[in-house]
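Heads up: the structure comes next, in structure tokens.
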Amino acid sequence: MLDTGLTQPVSRAHFAGLGLAVPDRVLTNEELSAMVDTTDEWITTRTGIHTRHVLRAGEKLSDLATEAGKQALSNAKIGADNLDMVLCATTSGDYLWPAMACVVQGNLGAKRACAFDVSAACSGFCYAVATASAFIESGAARNILVIGADCLSRHVNWSDRSTCILFGDGAGAAVLTAGSPDSGVLTSTLGTDGSMVEHVWMPTGGSANPVTEEMLVNGEFGLQMRGRDVYRFCVEVVPKSIVESLCRVGLKPADVDLLVLHQANLRIIGAVADRLGIDESRCFTNVGRYGNTSAASVPMALAEAAHEGKIAPGGVVVTAGFGAGLTWAVNVIKWTGN
Ligand code: ACO
């Protein structure tokens with residue numbers, strides 16, 4: 001496990017602007033009930049998800065990521081030419097390579113910025129925030145655009161009812177900028193347990209198992225998940241990691257003004273918040289409308305929370321992601337942004 005923020009830097013990364021974009025196509029539980037053997041009642045009870053947004057054929061994830069990035073830049077009042085770096089957290093970018101961050105950098109005209117992707121599944125945005133913070137704290141960068149974007153609708157097996165009901169597409173973005181060392185991203189924790197790679201993964205399509213016609217015919221492709229194992233793992237490891245992260249900067253769960261967890265499903269969010277003793281009013285959720293948007297879920301939730309006035313300057317915001325790898329990540333932020 002990697003802990004950051006152990007020494008006092010000259011400056012820290014501050015959230016200066018946020019943005020989000022989703023496709024306009026909304027897929028309801030009723031529509032899914034006509035596609036696979038499921039019901040609105042099963043989905044709602046187990047996950048809290050009512051609708052999700054999905055890309056139409058021909059639409060590209062990079063366009064959503066670019067739109068979210070533009071909003072974040074405008075919100076931060078920073079021009080794309082002031083960016084030193086563009087980071088995209090994604091596992092479903094437009095192409096196998098190059099990185100989607102390169103496509104977005106080109107779309108934005110952020111000519112001075114270097115660009116690369118961070119691949120840590122649903123933990124990706126929190127991993128990318130920790131990466132950006134380290135560059136800012138070292139003095140190597142001042143302004144970094146961090147985007148979380150995924151379109152797992154392109155990667156689920158639409159005949160597998162246990163997974164296809166869970167995911168939606170979207171993008172969220174944040175501009176991180178160098179500021180006072182007394183606030184901003186105070187610390188991050190990044191964790192991985194690679195012995196659980198097979199708990200949630202895309203075993204086909206990579207170099208180990210390229211997709212064959214036979215796989216397509218037999219439906220042996222797409223995301224696979226051992227839902228219960230993932231659930232148990234997350235509920236165990238995430239609260240522990242949040243408490244450790246807070247403790248490192250002299251805080252405790254009672255000091256948290258807003259908890260923004262990866263929006264996997266309402267039951268996990270509720271179980272993690274319960275273990276921390278954080279009540280519903282301090283826990284942001286929008287999974288009901290968007291489903292699990294993987295790396296996009298945390299920045300989309302942050303953008304909506306800020307828009308709704310739920311994050312105030314001086315407040316302590318904790319974000320946490322968890323997912324394939326298995327990976328998990330926590331950022332503790334003393335908020336200064338809008
Ligand atoms: N509709 C109706 N029945 C269903 C459906 C469905 N959509 N899906 C599964 N079932 C059935 C199963 O077949 C099973 O039936 P059986 O008892 O006859 O065998 C029964 O419902 C229970 O299935 P479980 O998978 O055990 O259901 P569970 O209560 O565990 O809920 C869920 C499933 C919601 C996926 C849960 O395990 C969960 O939330 N897991 C965490 C997943 C997650 O959040 N992952 C995040 C990371 S993902 C990433 O990083 C890409």
Side-chain angles (χ1 to χ4, degrees), residues 27-52 61 89-93 118-128 148-170 190-194 196-206 221-239 261-274 285-288 290-298 300-301 320-329:
L27 182 65
T28 64
N29 290 350
E30 286 73 22
E31 285 175 275
L32 279 165
S33 308
M35 293 159 61
V36 288
D37 182 13
T38 191
T39 59
D40 174 47
E41 199 265 333
W42 194 97
I43 300 172
T44 309
T45 315
R46 304 281 174 135
T47 71
I49 300 167
H50 300 281
T51 55
R52 67 288 289 146
L61 184 63
T90 187
T91 48
S92 51
V118 174
S119 175
C122 301
S123 313
F125 180 78
C126 298
Y127 261 73
D150 266 310
C151 55
L152 294 188
S153 72
R154 295 275 207 258
H155 296 289
V156 293
N157 179 341
W158 285 102
S159 60
D160 175 7
R161 68 176 181 171
S162 67
T163 53
C164 75
I165 52 127
L166 299 172
F167 298 97
D169 304 338
L190 308 180
T192 303
D193 188 336
M196 300 189 195
V197 162
E198 295 180 15
H199 276 32
V200 48
W201 64 330
M202 278 275 299
T204 54
F221 64 95
L223 183 156
Q224 292 178 14
M225 182 166 70
R226 297 176 191 157
R228 290 212 164 178
D229 294 332
V230 176
Y231 184 98
R232 266 194 294 269
F233 179 82
C234 295
V235 169
E236 183 67 34
V237 85
V238 175
L261 295 172
H262 168 45
Q263 305 288 299
N265 70 54
L266 266 191
R267 284 197 309 174
I268 294 190
I269 295 170
V272 171
D274 265 2
T285 61
N286 60 10
V287 64
Y290 299 123
N292 178 346
T293 55
S294 196
S297 87
V298 168
M300 282 171 57
F322 44 87
L326 293 179
T327 55
W328 65 98

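Bear in mind the structure is a predicted one, so any value in this text is a computation, not a measurement. Order of appearance sets the numbers: ligands from 1, and atoms from 1 within every ligand.
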Q) Any donor-acceptor pair under 3.5 Å linking the side chain of Gln263 with the backbone of Asn286? A) yes
Q: Any chance you could measure Phe221, atom CZ, to Met202, atom CE, to the nearest 0.5 Å?
A: 9.0 Å
Q | Which residue and heavy atom of the protein sit nearest atom 46 (C) of ligand 1, plus the separation | A | Asn292 ND2, 3.8 Å
**Q.** ligand 1 atoms in contact with Val230 (distance to a heavy atom under 4.0 Å)
**A.** 43 (C), 45 (N)
Q | By salt bridge (charged side-chain N to carboxylate O under 4.0 Å, His left out) - contacts of Glu198 (at least two apart) | A | Arg226
Q) Do any nitrogen or oxygen atoms of Ala121 lie less than 3.5 angstrom from nitrogen or oxygen atoms of ligand 1? A) no
Q. To the nearest 0.5 Å, how far apart are OH in Tyr290 and CZ in Arg52?
A. 13.5 Å
Q: Return a yes/no value: protein heavy atom under 4.0 Å from atom 42 (C) of ligand 1?
A: yes
Q.
Looking at non-hydrogen atoms alone, which of Glu41, Met225, Arg226, His199 comes nearest to atom 45 (N) of ligand 1?
A. Met225
Q. Does the N or O separation between His262 and ligand 1 drop below 3.5 Å for any pair?
A. no
Q) Between CG of Asp274 and CD1 of Ile269, what distance do you get to the nearest 0.5 Å? A) 12.0 Å
Q. Okay, side chain of Glu31, backbone of Thr28: is any donor-acceptor separation there less than 3.5 Å?
A. yes
Q) Protein heavy-atom contact under 4.0 Å for atom 14 (C) of ligand 1? A) no
Q) Which one of Thr51, Thr38, Thr39, Thr44 satisfies the side-chain contact (heavy atoms from CB on, under 4.5 Å) criterion with Asn29? A) Thr44
Q: Pick whichever of Arg46, Met202, Arg161 has a heavy atom sitting closest to atom 7 (N) of ligand 1.
A: Arg161
Q. For atom 36 (C) of ligand 1, what's the nearest protein heavy atom and its distance?
A. Arg267 NH2, 4.0 Å
Q: Considering only non-hydrogen protein atoms, determine which one is nearest to atom 40 (N) of ligand 1 and report residue, atom name and distance to 0.1 Å.
A: Gly227 O, 3.0 Å
(Q) Looking at ligand 1, would Asp37 count as a contact under a 4.0 Å heavy-atom criterion? (A) yes
Q. Which of the listed options, Gly323, Cys122, Ser92, holds the heavy atom that is closest to atom 49 (C) of ligand 1?
A. Cys122
**Q.** Ligand-side contact atoms (ligand 1) for residue partner Asn265, heavy atom cut-off under 4.0 Å
**A.** 38 (C), 39 (O)
Q. Among Tyr127, Phe233, Phe322, which residue meets the ring-ring contact (aromatic ring centres under 6.0 Å, His included) test with Trp328?
A. Phe233
**Q.** From the candidates Trp201, Trp42, Phe233, the one that places a heavy atom nearest atom 5 (C) of ligand 1
**A.** Trp42
Q. Protein heavy atom under 4.0 angstrom of atom 26 (O) of ligand 1, is there one?
A. yes
Q) Among all protein non-hydrogen atoms, which one is nearest to atom 44 (O) of ligand 1, and what is the separation to 0.1 Å? A) Ala264 CB, 3.2 Å
Q) Is the side chain of Arg267 donor-acceptor paired with the backbone N or O of Thr47 at a distance under 3.5 Å, no angle test? A) no
Q: Answer yes or no: does an N/O atom from Thr39 fall short of 3.5 Å to an N/O atom of ligand 1?
A: no
Q) Do any N or O atoms from the side chain of Asp169 and from the backbone of Leu152 form a donor-acceptor pair under 3.5 angstrom? A) yes
Q. Given the rule in the side chain to side chain donor-acceptor pair (under 3.5 Å) test, do His155 and Ser92 qualify, once you have shown the distances and angles that lead to the verdict?
A. CA-CA 8 Å; His155 296 289; Ser92 51; 4.9 Å; no
Q. Have Thr293 and Asp150 got a donor and an acceptor in their side chains that come within less than 3.5 Å?
A. no
**Q.** Point-to-point distance, once rounded to the nearest 0.5 Å, from OG of Ser123 to CG of Leu326
**A.** 8.5 Å
(Q) For atom 20 (C) of ligand 1, is there a protein heavy atom at a distance under 4.0 Å? (A) no
Q. From Ile49 CD1 over to Phe167 CZ, what is the distance, rounded to the nearest 0.5 angstrom?
A. 8.5 Å
Q. Heavy atoms of the protein only: does one fall short of 4.0 Å from atom 31 (O) of ligand 1?
A. yes
Q | ligand 1 N/O within reach of Thr47 N/O, cut-off under 3.5 Å | A | no
Q | Nearest candidate to atom 1 (N) of ligand 1, where distance is taken over non-hydrogen atoms, out of Asp229, Ile43, Thr38 | A | Thr38
Q. Under a 4.0 Å heavy-atom limit, does Ile268 contact ligand 1 with its side chain, its backbone, both, or neither?
A. side chain
Q: Tell me which protein heavy atom sits closest to atom 24 (P) of ligand 1, plus the residue, atom name and distance to 0.1 Å.
A: Arg228 NE, 4.1 Å
